[in-house]
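Data block below; observations after.
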Amino acid sequence: MAFSLFTTTSTFSVSLRCQARPNTSRNRTNPKRLSTNTNRRSQKPNPPQRKSGDFRPPSPISTAAGDTATTFTRLPPKDDFFLPSLQDSTEITLSELTIPTPAKNPKQELDDENVDNVRFDYGKFELYEVDDDFEDESEDDFDENDDVDGEMEGTGSRVFEGSGKFELYEVDDEFDEDDDEGIEMEGSTSGIFEGGDVFEGEGSDIKEKEKGLPAVMRCFDRAKIYVKAGDGGNGVVAFRREKFVPLGGPSGGDGGRGGNVYVEVDGSMNSLLPFRQSVHIKAGRGGHGHGKKQFGAKGEDVVVKVPPGTVIREAGEGGIQGNVLLELLHPGQKALLLPGGRGGRGNASFKTGLNRVPKIAENGEEGPEMWLDLELKLVADVGIVGAPNAGKSTFLSVISAAQPAIANYPFTTLLPNLGVVSFDYDATVVVADLPGLLEGAHRGFGLGHEFLRHSERCSVLLSVNLDDRIEVSSSPSNAIDFLTLCHSLKVHVVDGSSPQPEYEYEAVRLELEMFSPELAEKPYLVVYNKMDLPDAYENWKTFRDSLRSRGIEPFCMSAVKREGTHDVICAAYELVRRREASKEEVRRDPVNLNYVADMVKKQRNAPINEFEISHDSSSKTWYVQGLGLQRYMDSDRRFQHVLEACGVNKSLLKLGVKEGDTVVVGDMELVWHDYDSAGSTSRRKWSAEPSRS
Ligand SMILES: Nc1nc2c(ncn2[C@@H]2O[C@H](COP(=O)(O)OP(=O)(O)OP(=O)(O)O)[C@@H](O)[C@H]2O)c(=O)[nH]1
Ligand SMILES: [Mg+2]
């Protein structure tokens, strides 16, 4: 009985990527075309020459002597600039409000078409290497079966090392991503340029809207990166050759292990912005072994620095989120994410009493690789929520040294502001002032989900009520996403001067609940603001009674006059402290941050005699699956011994394998031959056969 080796086709994803490249784009016909354009663009255009007869506008300011004076333009004050109608109107519903889009400059009325044009549309880009000798496509004999392994390495490492030549070209929109493994590169680059919206599982309309936001308004709180641990170096076959040392024996050293990929929390980071630039992160590969029993060098480790509050997931597909791998909250936390591949053994390691001249060596193990989705959730103890214009930023500016923008129009705050409130030497509370919430925030209205998500981590939410011109028709908008970032508390600020403060309070609350019931369950304080205004002062009692009837004791304050603010923040601190104390018990179990690496190691060390066999009778194929078996697939001869030793052959025979059946083990296809010649009863013979086309 014997297996004959059939094929050992490697199925690295990257190999496909390389194969499909020549057919992908029309630009392939002349890959240097865009680089030429780039050069051209870098040449400054000549300024238009004024002809003698050109109209020259009269100078707006002229001195008596007739000299032209310099003129300066000043922007109108903010109050005039944004939603001027608010100043006069008596009642406006929040649902009627829209966020000021940067493209919509009141001075430059743009129709919808123009607005679209103004948006930041970076298109899709793909990077590929340009061959120096590449002149004409007809001469390009691209052989798909070329050493793919080598190309894969070259492409990856050169991206980061800056060597080699790369060109940026635009990819056709109709380009079918499924046909080409280049998707990997493309996916990453679009991840760079389009921020997090690509990876969200939200409605397409929301994605559209986010694309329109300029970079400063988008939070860089999502990123998609590719990490790869280094491959192990190969072991070598070498023999000691020295004068006066006859038959020196095997001396091939082992390969070095590949570099590890670590993830570390860097307290000085507050966004995932750095991952716009570097998406592919690879650890170094281990050095190969050498003669004289010299071991290869270890591959260089890489440490991926992330801000506190980063959640790391396996990259999801088709809008489905992958599993959470790690949640890194505290500065200094460091996790081993992917361990480098083990170095292969050199022939010196195979020397035994029976085989004193081994001529085999192992290849290094491949380093594991994966795409990761990173998501940053701000870590604050207290989140301040409320309808727009309630006075949230004013409150933060009073209780901390933070200086957020404050103005009398909604959506002054577009990104959360963090402030640290110090009570004592070691007692501090981090407070996040979140953008205002509007009706529909839980569906992404306003700045919607982006902000709600961040509020999840706040311990306590403070809620500020407004009173003035704004009536909240039914719910909040922006801040909800950021609330996810606040640890344990929210302070709900209500504008006391709004016509119906209770209604506003209810609307914000409802929006929080609709976004996440967990979020709504977090402890919160309700603060009635703008008590210095007569309307607010009058409405206070009604508001208080209405909340008391529901078992909530609201606070009142005037943030502008700094009255009542101290009580609020002290109460918030007390709540945070209590919550932290209750959390201590939960934290007793130390979190194993290296469990991903442990899983990878476990898979590597899987015993070879654990395997499963399945049979497809229609194609007469047997499938053998076993993680441990795959370790030995580098050497054909040895692999067949392994199959024998670990009992795969016996099991197949028991199950009824027949002459000519195909046996698939991992990437290898083998053909089963019954070999039972007289005189060699127990010996099995293996013969290699040409691979199947
Ligand atoms: N009279 C009075 N006005 C206040 C008080 N607190 C805030 N304001 C005013 O209310 C307006 C809005 O204040 P902000 O702090 O920007 O409100 P916000 O809740 O942060 O608003 P958004 O960021 O747009 O959601 C500003 O003009 C403040 O001066 C207060 O206690 N009394
Ligand atoms: Mg604000």
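All values reported here derive from a predicted model rather than from experimental measurement. Numbering of ligands and ligand atoms starts at 1, following listing order.
Residue-to-ligand polar distances place K392 within reach of ligand 1: an N/O pair is separated by less than 3.5 Å. At least one N/O-N/O distance between G391 and ligand 1 falls below 3.5 Å.
Numbered from 1 in the order shown, with element, the atoms of ligand 1 that lie under 4.0 Å from a heavy atom of L533 read 1 (N).
Of all the listed residues (D532, V560, V385), D532 holds the heavy atom that lies closest to atom 1 (N) of ligand 1. Comparing A405, S397, S393 against atom 20 (O) of ligand 1, the shortest heavy-atom distance belongs to S393. Between atom 22 (P) of ligand 1 and the options N389, I406, T565, the minimum heavy-atom separation is to N389.
The minimum heavy-atom distance between L396 and A402, with the atom names listed, is CD2-CB, 3.8 Å.
A donor-acceptor pair under 3.5 Å is formed between the side chain of K392 and the backbone N or O of A387. No donor-acceptor pair under 3.5 Å is formed between the side chain of Y505 and the backbone N or O of Y528.
Proximity of D433 to F395: side-chain heavy atoms (C-beta onward) are nowhere separated by under 4.5 Å. Under the 4.5 Å side-chain criterion, counting only non-hydrogen atoms from C-beta, T542 is in contact with E502.
Residue contacts to the Mg ion (ligand 2): N389 brings no N, O or S atom closer than 2.8 Å.
Under a 4.0 angstrom heavy-atom cut-off, A407 registers as being in contact with ligand 1.
Note on ring orientation: taking the six-membered ring where Trp is involved, the planes of H280 and Y226 are tilted (angle from 30° to 60°).
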